Protein chains: 2
Amino acid sequence: MTLNSVESKVRFLESLADKTRLRIVEALREREKTVSQLVQELGASQSNISGHLRLLKISGIIKSRQEGKYVYYSLSSSVIAEFLTKLEDLLIAMKREALESA
Amino acid sequence: MTLNSVESKVRFLESLADKTRLRIVEALREREKTVSQLVQELGASQSNISGHLRLLKISGIIKSRQEGKYVYYSLSSSVIAEFLTKLEDLLIAMKREALESA
DNA sequence: TGAACATATCATTATATAATGAAGTGAAGA
DNA sequence: TCTTCACTTCATTATATAATGATATGTTCA
C-alpha cells in the first residue's frame with residue numbers, strides 16, 4: 001500500500017466522518033436538493049451548511065448546478081450511495097458479531 | 001435515517017480517517033502483529049501507536065491477545081478487510097468517472 | 001531479586017477544524 | 001432600479017485530537 005493511496009483514502013473518509021456532512025450526504029441520497037432545503041431539513045445555519053457543501057464538493061463526493069437563484073446539490077456518483085449501503089451492512093455485521101461473541 | 005445511526009457511522013469513519021490508524025489497519029490486514037512490529041513498520045513512536053491501537057480497539061475495529069510480554073493485534077472481523085477493499089474500489093471508480101467527465 | 005524488555009498511561013503542547021455572525025455576491029421580480 | 005432572496009465567503013472563537021516525552025505496569029529470564 002503506497003502512502004499516496006493511504007492519504008487519498010483518509011481524505012475521503014474525513015469528508016464523511018462528520019455528523020453534519022454525513023447527514024447532508026444521506027439527505028442527497030434521496031434526491032438533489034437546494035442549500036435552503038438542506039438548511040431546513042438539517043436545522044443548521046446556512047453558512048455552516050454552505051461550508052460543509054464546499055468541502056464535500058472539493059472532495060468530489062457531491063456536485064452542484066445552478067438554476068436561477070437556487071443551487072442544487074446531488075451526489076457526484078452512484079458509487080457514493082453504494083458505499084454508504086456497504087457501511088450500513090458493515091455496522092450491522094459488526095454489531096451481530098459482537099453480540100455472538102458475548 | 002436515525003440520528004443514532006448517523007452517529008455510529010461517524011464514529012466508525014473517524015476511527016479510520018487518520019493516516020496512522022489507517023496504516024495500522026492496512027498492516028493488520030496481512031496478519032496479526034505486535035505493538036513493536038507496528039512501531040517499527042510505521043516508524044512512529046511507541047506511545048503514539050499504542051494510543052491509536054487503544055482507539056481502534058474501543059471502536060471495535062481491532063482486537064488483541066497477550067502472549068507473554070507481547071500483545072498481538074489483529075482485525076476484529078473479516079468485514080473490516082472487505083470494507084477496505086470496497087473503499088479502494090470506490091476511489092478507483094471516482095477517479096475514473098472524474099477523468100471521463102473531463 | 002533485579003535487569004531488560006514490551007506495552008500502556010498521563011500531562012502537555014500543537015494543530016486542525018467546526019460553529020458562529022457579519023458582510024459580500026449575484027439572480028429575480030416588483 | 002431597488003428590494004428581496006439564495007448562497008458564499010471571511011474573521012473569530014471554541015473544541016477536539018494527534019504527537020511528544022516521561023513515567024508506570026507487567027512479563028521474562030538470568
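Keep in mind that this is a model prediction, so the values were computed, not measured. Throughout, protein chains are lettered first and strands after them, A, B, ... in sequence-line order, and every chain is numbered starting at 1.
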* **Side-chain donor/acceptor of Ser45(A) to base of dG21(C), under 3.5 Å** => no
* Structure fact -> Asn48(B) CG to dA8(C) P, in whole Å, measures 13 Å
* What's the NZ-C1' distance between Lys57(A) and dC7(D), to the nearest Å? -> 12 Å
* Taking atom types as modelled and ignoring hydrogens, do the side chains of Arg29(A) and Ser74(A) form a donor-acceptor contact shorter than 3.5 angstrom? -> no
* Asked: What about Gln46(B): does its side chain form a donor-acceptor pair under 3.5 Å with the base of dA6(C)?
  -> no
* Asked: Can you tell if the side chain of Lys9(A) reaches within under 4.5 Å of the side chain of Leu22(B), non-hydrogen atoms only?
  -> yes
* **Arg54(B) side chain near dT7(C) phosphate (N/O to OP1/OP2, under 4.0 Å)** => no
* Asked: Do the charged groups of Glu26(B) and Lys33(B) touch, with an N to O distance under 4.0 Å?
  -> no
* Base, sugar-phosphate, or nothing for Ser50(B), non-hydrogen atoms under 4.0 angstrom? -> base
* Hey, can you tell me if Phe83(B) and Phe12(B) have their rings parallel, tilted or perpendicular (30° and 60° cut-offs)? => perpendicular
* Spacing between Tyr70(B) atom OH and dT27(D) atom C1', to the nearest angstrom -> 11 Å
* Structure fact -> Contacts of Ala44(A) and Gly68(A) projected onto DNA chain C by closest heavy atom; the upstream (5') one is Ala44(A)
